[in-house]
Amino acid sequence: MKTDSLRLIPVIDTLYRLRSVRPVGTVSETAADTTALHQALTANPAHFAARTALADRAAAAGAVETACQLRWEGARLVCDLLETAAERTDGEPVTLDWEDAYTVQALLMVYDSAEDHFQISDFELATALLESVVDADPEDHTNASELLAFCYAALEEWELFDETLAQLPPDNLSTRLAGYWAAFRRQAAPSSAASESAAAKEADLRSSIQAESPALLSEWTATDHETPLTPSPHSSARSEARRLWHRTAPLWRDFPEFVAFLQA
């Protein structure tokens with residue numbers, strides 16, 4: 001996809017904002033008629049507000065593939081520009097300004113597309129998109145590193161996994177889950193499986209999960225996972241664990257061994 005729809009505008013030093021080459025008109029995202037949104041996007045593929053609104057409406061109507069395609073096309077616009085910019089800076093990533101509304105819309109489009117690809121188990125592409133977000137937003141306002149840790153574990157990129165996990169809040173359920181799953185995957189490697197201490201390590205891992213994160217153990221050994229409730233500041237650990245189950249479901253579909261290990 002061409003990168004002539006977007007350009008980088010320097011703010012200060014190595015900080016940039018994204019700007020559309022074509023005019024970005026104001027479109028009501030709550031209008032009943034989607035014609036205006038389609039017209040806006042046809043006139044300007046980099047109209048991220050219109051693209052997001054259309055994708056959200058498509059998803060709500062059950063047209064998930066259409067929604068994913070809209071987000072993917074928008075993400076490619078941003079990533080192509082960032083890749084071209086990195087080539088001009090000897091591989092150094094370009095930092096984008098999170099204080100700029102249009103730039104934030106673009107970065108969120110990339111993140112949302114990464115989540116789309118994660119949900120269909122395309123962990124390699126999800127990783128590439130998430131890395132683009134983290135590179136462009138070192139403060140990680142989208143919390144992309146959290147999902148990136150799971151992607152690295154799925155791809156067995158252990159050095160990158162360790163670096164990413166070290167940057168995450170250690171007490172978060174997501175951080176703990178990623179650490180437990182990575183430990184299990186590493187112990188299940190052929191070299192570890194042949195070790196006499198493999199069984200002892202598995203027992204220690206199960207004991208650690210039971211002691212440190214009983215809500216995770218309870219959810220991961222359950223036979224039914226109800227639809228998670230809407231998050232709130234006072235959500236229980238069990239509710240948080242249930243939401244985390246649904247968010248990471250593609251991993252347990254593609255790598256069921258961890259769940260089987262916990263349920264044994």
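Other residues, nucleotides and ligands contribute more than 12 heavy atoms inside 6.0 Å of the CD atom of Glu87.
Residues Leu165 and Phe255 share a single hydrophobic cluster, defined by chaining ILVMFWY side chains whose heavy atoms lie under 4.5 Å apart. In the hydrophobic clustering of ILVMFWY residues, with side-chain heavy atoms under 4.5 Å counting as a link, Leu251 and Leu155 come out together. Linking ILVMFWY side-chain heavy atoms closer than 4.5 Å, directly or via other members, places Val259 and Ile209 in a single hydrophobic cluster. By the rule that hydrophobic residues join a cluster once side-chain heavy atoms approach within less than 4.5 Å of another member, Leu125 and Val110 end up as members of one cluster.
A search for side-chain contact (heavy atoms from CB on, under 4.5 Å) contacts involving Thr14 returns nothing, not counting sequence neighbours. Remark: Ala144 engages Tyr111, Leu130, Val133, Val134, Asp140, Thr142 in a side-chain contact (heavy atoms from CB on, under 4.5 Å) (not counting sequence neighbours). Residues satisfying the ring pair (Phe, Tyr, Trp, His ring centres under 6.0 Å) criterion with Tyr152, sequence neighbours excluded, are absent altogether. Remark: Thr103 pairs with Asp100 by the side chain to side chain donor-acceptor pair (under 3.5 Å) rule, at least two apart or across chains. With sequence neighbours excluded, the residues satisfying ring pair (Phe, Tyr, Trp, His ring centres under 6.0 Å) with Phe161 are Trp158. Not a single salt bridge (Lys or Arg N to Asp or Glu O under 4.0 Å) links Arg22 to another residue, sequence neighbours left out. With sequence neighbours left out, Asp122 forms a salt bridge (Lys or Arg N to Asp or Glu O under 4.0 Å) with no residue at all. For Glu65, the side-chain contact (heavy atoms from CB on, under 4.5 Å) test picks out no residue, with sequence neighbours left out. Judged as a side-chain contact (heavy atoms from CB on, under 4.5 Å), and not counting sequence neighbours, the contacts of Pro138 are Thr95. Legend: residues meeting salt bridge (Lys or Arg N to Asp or Glu O under 4.0 Å) with Arg176, ordered by chain and number and at least two apart, are Asp171.
Asp116 and Gln119 share no donor-acceptor pair across their side chains, judged by distance under 3.5 Å alone.
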Steps toward side chain to side chain contact (heavy atoms under 4.5 Å, CB included) verdict (Val78, Met109): CA-CA 9 Å; Val78 180; Met109 181 70 62; 5.5 Å; no
task: Using the side chain to side chain contact (heavy atoms under 4.5 Å, CB included) rule, take Ser145 and Thr164 through it: C-alpha gap first, then chi angles, then the decisive distance, then the call.
output: CA-CA 6 Å; Ser145 295; Thr164 302; 4.0 Å; yes
query: Could you go step by step and tell me if Thr34 and Arg57 meet the side chain to side chain contact (heavy atoms under 4.5 Å, CB included) rule?
result: CA-CA 9 Å; Thr34 61; Arg57 292 187 183 193; 2.8 Å; yes
field: CA sep, side-chain torsions, deciding dist, call: Trp245, Leu216, side chain to side chain contact (heavy atoms under 4.5 Å, CB included)
entry: CA-CA 9 Å; Trp245 167 276; Leu216 282 177; over 6 Å; no
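At least one side-chain heavy atom of Leu96 sits under 4.5 Å from a side-chain heavy atom of Leu82. With contacts defined as side-chain heavy-atom distances shorter than 4.5 Å, the pair Glu257/Arg185 does not qualify. At a threshold of 4.5 Å between non-hydrogen side-chain atoms, the residues Leu262 and Leu217 count as touching. Looking only at side-chain heavy atoms (C-beta outward), Pro250 and Ile120 stay at 4.5 Å or farther from each other. The closest side-chain heavy-atom distance from Leu81 to Tyr16 is not below 4.5 Å.
The CG atom of Leu244 sits 5.0 Å away from atom OG of Ser174, with the distance rounded to the nearest 0.5 Å. If you take CG on Leu205 and CD on Gln210, they are separated by 11.5 Å, rounding to the nearest 0.5 Å. One finds the CG atom of Leu18 at 9.0 Å from the CD1 atom of Ile9 (value rounded to the nearest 0.5 Å). Annotation: the span from Thr84 atom OG1 to Arg7 atom CZ amounts to 16.0 Å, rounded to 0.5 Å. Atom-to-atom distance recorded for Glu99:CD and Leu15:CG is 9.5 Å, nearest 0.5 angstrom. To the nearest 0.5 Å, the span separating CZ on Arg186 from NZ on Lys201 amounts to 11.5 Å.
For the pair Ser218 (side chain) and Pro214 (backbone), a donor-acceptor distance under 3.5 Å is absent. Counting only distance, with no hydrogens or angles, the side chain of Arg71 and the backbone of Thr52 share no donor-acceptor pair below 3.5 Å.
Across all their heavy atoms, Arg238 and Ala222 have their closest contact at NH2-CB, 4.2 Å. For Trp181 against Ala153, the heavy-atom pair with the smallest separation is CZ3-CB, 3.5 Å. In terms of heavy-atom proximity, Ala114 sits nearest to Ala126 at O-CB, 3.5 Å. Closest heavy-atom contact between Thr175 and Pro170: CG2-CA, 4.1 Å. Ser113 and His117 get closest at one heavy-atom pair: O-ND1, 2.8 Å. Contact between Ala75 and Leu129 at its shortest, heavy atoms only, is CB-CD2, 4.4 Å.
Among Phe261, Phe258, Phe150, Phe184, the single residue meeting the ring pair (Phe, Tyr, Trp, His ring centres under 6.0 Å) criterion with Trp252 is Phe258. The only member of Glu240, Glu219, Glu115 that meets salt bridge (Lys or Arg N to Asp or Glu O under 4.0 Å) when paired with Arg247 is Glu115.
Contacts classified as ring-ring contact (aromatic ring centres under 6.0 Å, His included) and involving residues 83-102 (residues at least two apart or in different chains) are given here: Phe48-Tyr102, Trp98-His141. Judged as a side chain to side chain donor-acceptor pair (under 3.5 Å), the pairs with a partner in residues 39-50 (not counting sequence neighbours) are, in order, Ser20-Asn44.
Salt bridge absent: Arg19 and Asp97 never bring a charged side-chain N and a carboxylate O closer than 4.0 Å.
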